> 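Structure provided below as structure tokens; questions to follow.
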Amino acid sequence: MTLILDPDDPTGWREAPGAAPDAHAGPAASAHLTAGLNPQQREAVEYRGPALLIVAGAGSGKTRVLTHRIASLIDAREAWPSQILAITFTNKAAAEMRERVEALLGEAAGGMWISTFHSACVRILRREAESIGLSSTFTIYDSADQRTILKRIIKELDADTLGFTPASAQAKISKLKNELADVETYARNVNSNDPNEVMFLEIFRQYTRRLRDASALDFDDLISETVYLFRAFPKVAALYQRRFRHILVDEYQDTNHAQYSLIRELTRAVEPDVVAELNEHGVLVRGLTDASGSIPGASLTVVGDSDQSIYAFRGADIRNIVEFERDFPGAKVVLLEQNYRSTQNILSAANAVISNNFDRKDKKLWTADGDGEKITGYTGYSAHDEAQFVADEIEALHRAGVAYRDIAVFYRTNAQTRALEEIFVRSALPYRVVGGTKFYERAEIKDAMAYLVAVANPLDELAIRRILNTPKRGIGPATETSIASFAEANDLTFRQAMRAADGLGLGPKATTAIQGLAKLLDEAAAMLVPSEQGIAEGTNAGAAKVSDVLAFLIEGSKLVETLRTSRDPQDETRAENVEELLAQTKDFDRENPGASLVDFLTQVSLVAAADELDDASGTVSLMTLHTAKGLEYHAVFLTGLEEDCCRTRCRPPNPAGRLRSAACSTSASRARASASTCRSR
DNA sequence: AAGTCGTCGCTTTTT
DNA sequence: GCGACGACTT
């Protein structure tokens, strides 16, 4: 293992006076960084110490506090930008936070890491991949990819007879990974008399093996593998523990065990023996060590509110925030209770719902903005009736001068958009569904992306098999199987087996087709090799741009051509979608000069629904309550509030025309979407 | 190998 | 109510 000095770590910080974190650093911030803050917000910005918990009720200005706190740390020279790691919930929130910090400081603050858990982990893993035997161009599998693999495994093992479905296996694997239980840990606890457990272990094993062989990680791996990396290689961990002196985590109530463990690893002190090793490798630690010769753990700030925990289904553990003071003894707690976004009527209604939660610490949100307009309740006779009400109300708001883009409609599940969309189309209301079936989930886009993935990561068998016969080139399942078994028998990768297609004894047509595809992918990969100068600099100089590679692949595979000449009328739209993807890669190339294909693929893998939201769109936004978290609108509609609306599975379909639907809207005041836990019974 | 028809089961919520 | 998948046909 080699330790390198982080390339984007400015060296100046070592010389700076007071660079070491110091709890008694004196008056913290310039006045402009605390101006206009209430006393509690100011306290949260100015507090200096190892651990700070900011309990921030909905709409209490926590983003403001976080950005001011970061700016204050930098402004007071208590941290260099590169020593800051801030974790946000979406990439969009990260970009906004960076802009706001830079606006406060009046200068660019490059080197700050502000990102989601997943983005930060990918960045670390790509850099340290070789330590854990992974290619730095590893693929990130989304849930559809996971399901495809699990489907194949379940079929091969006949596991469906025991009731396993791809979805059930995926959920179970995800749960285990979020609890940091890897296959071998699970294997040790398996009850060998239970055929279900034995079968699941086999599924888990195969799944793990296939991802490893393909050099691929799923979403949950991104977090857990980073934790394993840090635990197995203290010297690697020390690089990051040394670097990040201030770690700030937003939405802490929605962290799961793996994310919690990651934070614990990152805030761990570096022991003197490891400090000595860092020194030997030329990693500078001067000014960071304390009297005992160790580097103290980073200071940690978490922001959250247990009333706003909505991700328990993906392993979020509310104990992380409830037990923060026990985990980090001596932690300071600041409560933000003044709400700046809603009127009292809205707060009271929200409170009435939340107060039904058990185990709840009472919080009293208040506002100085007065009662405001009352919330409107409406009970419809059907989903369509409800949608019509919403549409009429939106029209009324619009006539009263509210812009469409300041209006949002929320629901629990994506399936609930249907009635709304029908009525909105009929009423000619401009709207946009945020999330749901995304652009990148369309089959033709996944095909084009699979070409890029296959070029970036030649080990990725899933990607290659997806495009093997797309567009149709006469390679059917039989041919596919014979390539796979040839690879297996000769210890080759699928890709290598394709290159050696001559020896497979297939028909001339199939052989030519396979070799043609292998050649296309190899040539595209060759375009990505940087020039000698680029290699010498360690940059991407001389490598083809993403859009050039994609254009080459589309041309060589006839992907768009095939769609254009197809008889299926829908294929014209599909061709346009692929062209749209090409346009997006051009935008990417322009906005990210020097970025690689892997950077593009990573970005696409990690976009959240809310990241796609275009603030200037001029349309009403439709989205799930989960997607809405952290967003803000002038008027919002909550639809489908009736009991049991989303659990049709266990109930017969609703008798026609008698579905009770409830919508409620708030307007003429700024309402902030902030969903709350609603545990039934 | 590709096209057509009929059956099953599925959806909370997401990085 | 829709889409994915398998069996069947050409």
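Quick caveat, the model's predicted, so the values are computed rather than measured. Chain letters run A, B, ... following the sequence lines, proteins first, then strands; residues in each count from 1.
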> Looking only at side-chain atoms of A/R418, point me to the closest of B/dT11, C/dC2, B/dT13.
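Of the options given, the side chain of A/R418 lies nearest C/dC2.
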> By nearest nucleotide on DNA chain B, pick out whichever of A/A167 and A/R314 is the more 5' one.
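Looking at the nearest nucleotide for each, A/A167 comes out on the 5' side.
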> Tell me what A/Y311 touches on the nucleic acid: a base, only sugar-phosphate, or nothing, going by heavy atoms under 4.0 Å.
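Touches sugar-phosphate only.
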> Counting only side-chain heavy atoms from C-beta out, which of B/dT15, B/dT12, C/dC5 sits nearest to A/F219?
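Nearest to the side chain of A/F219 among the choices is B/dT15.
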> Report, as a single string ordered 5' to 3', how protein heavy atoms within less than 4.0 Å touch nucleotides 1-6 of chain B: B base, S sugar-phosphate only, - not at all.
SSS---
> Can you figure out which of B/dT15, B/dT12, B/dC10 approaches the side chain of A/T165 most closely?
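Minimum distance to the A/T165 side chain belongs to B/dC10.
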> Could you please name the option among B/dT15, C/dA4, B/dT13 that lies closest to any side-chain atom of A/K151?
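Among B/dT15, C/dA4, B/dT13, the one nearest the side chain of A/K151 is C/dA4.
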> On the side chain of A/R412, is there an atom forming a donor-acceptor pair with the base of B/dT13 - under 3.5 Å, no angle test?
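A donor-acceptor contact between them is absent.
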> With the six-membered base ring of B/dT12 as reference, does the ring of A/F313 sit under 5.5 Å away with planes under 30° apart?
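No; by the centre-distance and plane-angle rule, A/F313 does not count as stacking on B/dT12.
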> Could you write out DNA chain B as dot-bracket? Rules: Watson-Crick or G-U wobble, both distances under 3.5 Å, brackets [ ] for crossings, | for pairs with another strand, dot for unpaired.
|||||||||......
> If we check side-chain contact (heavy atoms from CB on, under 4.5 Å) with A/Q253, which of these qualifies: A/N320, A/V322, A/I321, A/D317?
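It is A/I321; the other options fail the test.
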> With a 4.5 Å heavy-atom cut-off, do A/M623 and A/L631 have their side chains touching?
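A side-chain contact under 4.5 Å exists here.
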> Contact class for A/K509 (heavy atom, under 4.0 Å): base, sugar-phosphate, or nothing?
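Nothing, no nucleic acid heavy atom in range.
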> Does A/T624 place a side-chain N or O at less than 4.0 Å from the phosphate oxygens OP1/OP2 of B/dT14?
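Affirmative; the distance criterion is met.
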> Keeping to residues at least two apart or across chains, list the salt bridge (charged side-chain N to carboxylate O under 4.0 Å, His left out) pairs with something in residues 468-482 of chain A.
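Qualifying pairs: A/R465-A/E480.
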> Would you say A/T139 and A/N457 are linked by a side-chain donor-acceptor pair, where the criterion is simply a distance under 3.5 Å?
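Yes, side-chain donor-acceptor contact under 3.5 Å.
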